[in-house]
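Reviewing the structure listed below.
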Protein chains: 2
Amino acid sequence: MILGNQVEWALHCMTTLARLPRDRYIPTKVLAEFHGVPKEYLSKAMQALASAGLVDGTLGPKGGYRIAKEANKISLLEIVEAVEGKKKTFNCQEIRFNNPCLKKEHKKKDSVCSIASAMFQADEAWRLVLRTRKLSDIVQDVTDSVPEEILKISDDWILS
Amino acid sequence: MILGNQVEWALHCMTTLARLPRDRYIPTKVLAEFHGVPKEYLSKAMQALASAGLVDGTLGPKGGYRIAKEANKISLLEIVEAVEGKKKTFNCQEIRFNNPCLKKEHKKKDSVCSIASAMFQADEAWRLVLRTRKLSDIVQDVTDSVPEEILKISDDWILS
DNA sequence: TATATTAAGGATAAAATATGTCCCTAATTA
DNA sequence: TAATTAGGGACATATTTTATCCTTAATATA
């Protein structure tokens, strides 16, 4: 069970956009080159972020994407779910009802079996961490840990 | 990012084996029919559980699998990892180092970027729930929630 | 001893998903 | 008018998941 690469791309692109001036649109082409990932495929992830309302895109020259909300209003979970979908990590197939000893009246689907319940708890614990962590936290971490000079030349590279 | 069905099968089979007398071996064929899953494929999951030391298998008539440890010594995480592997749910590709502004000396791989760090925290939260929950807890839940009569006829079906 | 049963595991194949590319359209800027 | 760009649809390739088949060696029992 491993997240697709698009999740990593989306998280980095969101962080990048969150660092830049809100009034500037950044084209997918630039985001792709900056992060060293295929432009066409990254474009799908950006579209997913746009349709989730996390970025907004605009057409034409000077077009591209910008952050649609403040970074402290965007959780990592929103980003992950925008790209990866909202399905739970455990897909209960209710195989307990395949028990050949059960009659129809016992196959009541109103309760969750304890195995699924435990797996859903684990899923929820994962989501809670991602829901709690905001994009602004990541931006802050980057600002604190990456040398100022590198941030500046990177921003200039993207905006030029 | 969704777990494979084998995880659900393995959890149910482990629960089943944990409920039965320790001195009896249950063949894959019986486990497969009881849970309504394909025998040959379930066999792969059972082999994974065996090689992780969670069950032990024996050959020949009266052969099959039995629990290898006490149920309170087996966590759900062990079962999940036996079948699904131990890789983390987030596979960091370090795309931050693809930044065209970076020179070689800046590409020090000794630190974890804050995005990966957050994703690993979420992964760890997921694992913690599964590590804490023991197979014996599941067995207890089943005993408490499934009517005694159904448990009895199911056990008889499996052991006969 | 002979036979049936079974785990272990290799080989293969089909199905589903992830990854990647190409191209067309409409909107927008210069 | 021309260049640029998001939005998407169609398609292609790679990888993973799911599943089946077969061989081998061990074991119980008749």
Side-chain angles (χ1 to χ4, degrees), chain A residues 1-10 13 17 23-33 35-68 80 82-85 87 89-91 93 95 158 160, chain B residues 1-10 13 17 23-33 35-68 80 82-85 87 89-91 93 95 158 160:
Chain A
M1 182 183 65
I2 300 178
L3 290 163
N5 294 333
Q6 293 213 348
V7 170
E8 183 179 7
W9 305 353
C13 287
L17 292 178
D23 60 337
R24 289 287 300 268
Y25 290 93
I26 311 298
T28 303
K29 183 169 184 284
V30 172
L31 290 171
E33 285 175 10
H35 294 105
V37 302
K39 173 194 163 232
E40 304 282 4
Y41 195 28
L42 174 63
S43 162
K44 304 299 185 188
M46 297 309 299
Q47 285 173 38
L49 293 172
S51 97
L54 302 179
V55 296
D56 57 62
T58 191
L59 293 173
K62 299 280 176 184
Y65 291 101
R66 68 179 182 191
I67 282 280
V80 170
V83 171
E84 193 78 10
K87 283 184 186 161
T89 55
F90 182 74
N91 175 27
Q93 306 270 45
I95 64 172
I158 292 169
S160 70
Chain B
M1 180 183 68
I2 300 178
L3 289 164
N5 293 334
Q6 291 211 342
V7 170
E8 184 178 6
W9 305 353
C13 286
L17 292 179
D23 61 337
R24 288 287 299 269
Y25 291 92
I26 312 296
T28 304
K29 182 169 187 285
V30 172
L31 290 170
E33 285 176 9
H35 294 105
V37 301
K39 174 195 164 230
E40 305 281 2
Y41 195 30
L42 175 62
S43 162
K44 303 299 185 189
M46 297 309 299
Q47 283 174 41
L49 293 172
S51 96
L54 301 178
V55 298
D56 58 61
T58 190
L59 294 172
K62 300 279 178 184
Y65 292 101
R66 67 179 181 190
I67 283 280
V80 171
V83 170
E84 192 80 8
K87 283 185 186 161
T89 56
F90 182 74
N91 176 26
Q93 305 271 45
I95 63 172
I158 292 169
S160 68

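Computed from heavy atoms alone, side chains included, the values below leave out hydrogens, waters and symmetry copies. Everything quoted here is computed from the prediction, not taken from an experiment. Every chain is numbered from 1 and lettered A, B, ... according to where its sequence line falls, protein lines coming before strand lines.
Taking atom CD1 of B:Ile2 as the reference point, atom C1' of D:dT17 lies 12 Å away to the nearest angstrom. Distance B:Glu8 CD to D:dT18 P: 11 Å, rounded to the nearest Å. If you take CG of A:Asn91 and C1' of D:dT17, they are 13 Å apart, rounded to a whole angstrom. Note: CD1 (A:Ile26) to P (D:dT5) measures 11 Å, nearest angstrom. Spacing between atom CG of A:Leu49 and atom P of D:dA6 amounts to 13 Å, rounded to whole angstrom units. Per the geometry, NZ belonging to B:Lys62 stands 17 Å off C1' belonging to C:dA7, to the nearest Å. For the pair B:Asp56 CG and C:dA8 C1', the interatomic distance rounds to 14 Å; values are reported in whole Å. One interatomic measurement links the two molecules: CG of B:Leu59 to P of C:dA7, which rounds to 8 Å at whole-angstrom precision.
Considering only side-chain N and O atoms, A:Ser51 lies nowhere under 4.0 angstrom from the phosphate OP1 or OP2 of D:dG7. Not one side-chain nitrogen or oxygen of A:Thr58 sits closer than 4.0 Å to the OP1 or OP2 atom of C:dA27.
Defined by atom type and a distance below 3.5 Å, a donor-acceptor pair is present between the side-chain atoms of A:Ser43 and A:Gln47.
A 4.5 Å side-chain heavy-atom check between A:Pro38 and A:Trp9 finds at least one atom pair inside the cut-off. Put simply, the side chain of B:Leu54 does not reach to within 4.5 Å of the side chain of B:Ile67, judged on heavy atoms. With contacts defined as side-chain heavy-atom distances shorter than 4.5 Å, the pair B:Val7/B:Val80 qualifies. In this structure, B:Arg24 and B:Arg66 have side chains that are not in contact, with every pair of non-hydrogen atoms separated by 4.5 Å or more. A:Phe90 has its side chain within reach of B:Glu8: a pair of non-hydrogen atoms, C-beta onward, lies under 4.5 Å apart. A 4.5 Å side-chain heavy-atom check between A:Tyr65 and A:Asp56 finds every atom pair outside the cut-off.
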Sugar-phosphate means primed atoms, P, OP1 and OP2; the rest is base. With that split, encode nucleotides 13-24 of chain C 5' to 3' as B, S or - using protein heavy atoms under 4.0 Å. -----SBBBBB-

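Nucleic acid contact for B:Ser43: none, since no nucleic acid atom lies under 4.0 Å from a heavy atom of the residue.
Out of C:dT6, C:dT5, C:dA8, the shortest distance to the side chain of B:Pro61 is found at C:dT5.
Each of A:Gly60 and A:Gln47 lies near DNA chain D, and the nucleotide nearest A:Gly60 is the one positioned closer to the 5' end.
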